[in-house]
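Shown next, in structure tokens, is the structure this report addresses.
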Amino acid sequence: MSLDVAEFHAEVYTIVRLIPPCRVTSYGHIAKLAGMPNHSRHVGQALKFLPANTTPLIPWYRVIGASGTISSRGPGTDGARRQRNALVAEGVDVTDGRTGDFRIDLRTYGWFPTRDEVRAMQQIEAEDV
DNA sequence: ACACTGACGTTAA
DNA sequence: GTTAACGCCAGTG
């Protein structure tokens, strides 16, 4: 069974929507929750593919690297800075590293549920509607 | 087929 | 605490 890219992206989006406010998780953890533990890079690819304004809103800015740093989009881009602003606006404490990188304390803000917990959350979402 | 890239992760030093 | 070297895998040229 081959994996459809669109299907993977959709799976990523449904999981990212479940991240609570003021919490962050990593690309790799999203990949695990989607059942693709070695596709962390493609989680980033899925988020990059995301349009600016989505309905429902997908909190892409709550996804950071496993080391607790906001991934750089390369020099000359402002994506990382916008991500930091979005997190700060939510009340997340973002510290500025020496080399201009942005760090978040995962022990405080990290959100790393199991697949079962995510399934339970999806069940609750379905009931709420 | 080949080399290189990327919003990544783990490990070693 | 840090950086460097791999491993990873779908796209791209």
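Owing to the predicted nature of the structure, the values given are computational and were not obtained by experimental measurement. Order of the sequence lines fixes the chain letters, A, B, ..., with proteins taken first and strands second; residue numbering starts at 1 for each chain.
- On the C1' atoms, B/dG6 is 14 Å away from C/dG7, given to the nearest whole Å.
- Counting only distance, with no hydrogens or angles, the side chain of A/Arg23 and the backbone of A/Gly110 share a donor-acceptor pair below 3.5 Å.
- When the C1' atom is compared between C/dT12 and B/dA1, the two are found 14 Å apart, to the nearest whole Å.
- Between the side chain of A/Thr25 and the main chain of A/Trp111, a donor-acceptor pair closer than 3.5 Å is present.
- The shortest distance between the side-chain N/O atoms of A/His39 and the OP1/OP2 oxygens of C/dC8 is not below 4.0 Å.
- Listed for the A/His29 side chain is a donor-acceptor partner under 3.5 Å among the backbone atoms of A/Pro113.
- Remark: the backbone N or O of A/Val63 is paired with a side-chain donor or acceptor of A/Gln83 at under 3.5 angstrom.
- For residues 62-80 of chain A, the pairs satisfying salt bridge (Lys or Arg N to Asp or Glu O under 4.0 Å) are A/Arg62-A/Glu90, A/Asp78-A/Arg81, A/Asp78-A/Arg82, with sequence neighbours left out.
- Looking only at distances, a side-chain donor or acceptor of A/Tyr13 sits under 3.5 Å from a matching main-chain atom of A/Ala46.
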Nucleotide N/O of nucleotides 11-13 of chain C paired with protein N/O under 3.5 Å:
none

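- Shown here for A/Asp96 and A/Arg84, the closest heavy-atom pair between the two residues is OD2-NH1, 4.0 Å.
- Residues A/Arg103 and A/Asp101 are paired through a salt bridge, judged by an N-O separation under 4.0 Å between the basic side chain and the carboxylate.
- The distance between atom CG of A/Asp4 and atom P of C/dA10, rounded to the nearest whole Å, is 13 Å.
- Remark: the separation of the C1' atoms in B/dA7 and C/dG13 is 22 Å, to the nearest Å.
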Can you give one letter per nucleotide of nucleotides 7-13 of chain B, 5' to 3': B if a protein heavy atom sits under 4.0 Å from the base, S if only from the sugar-phosphate, - if neither? BBS----

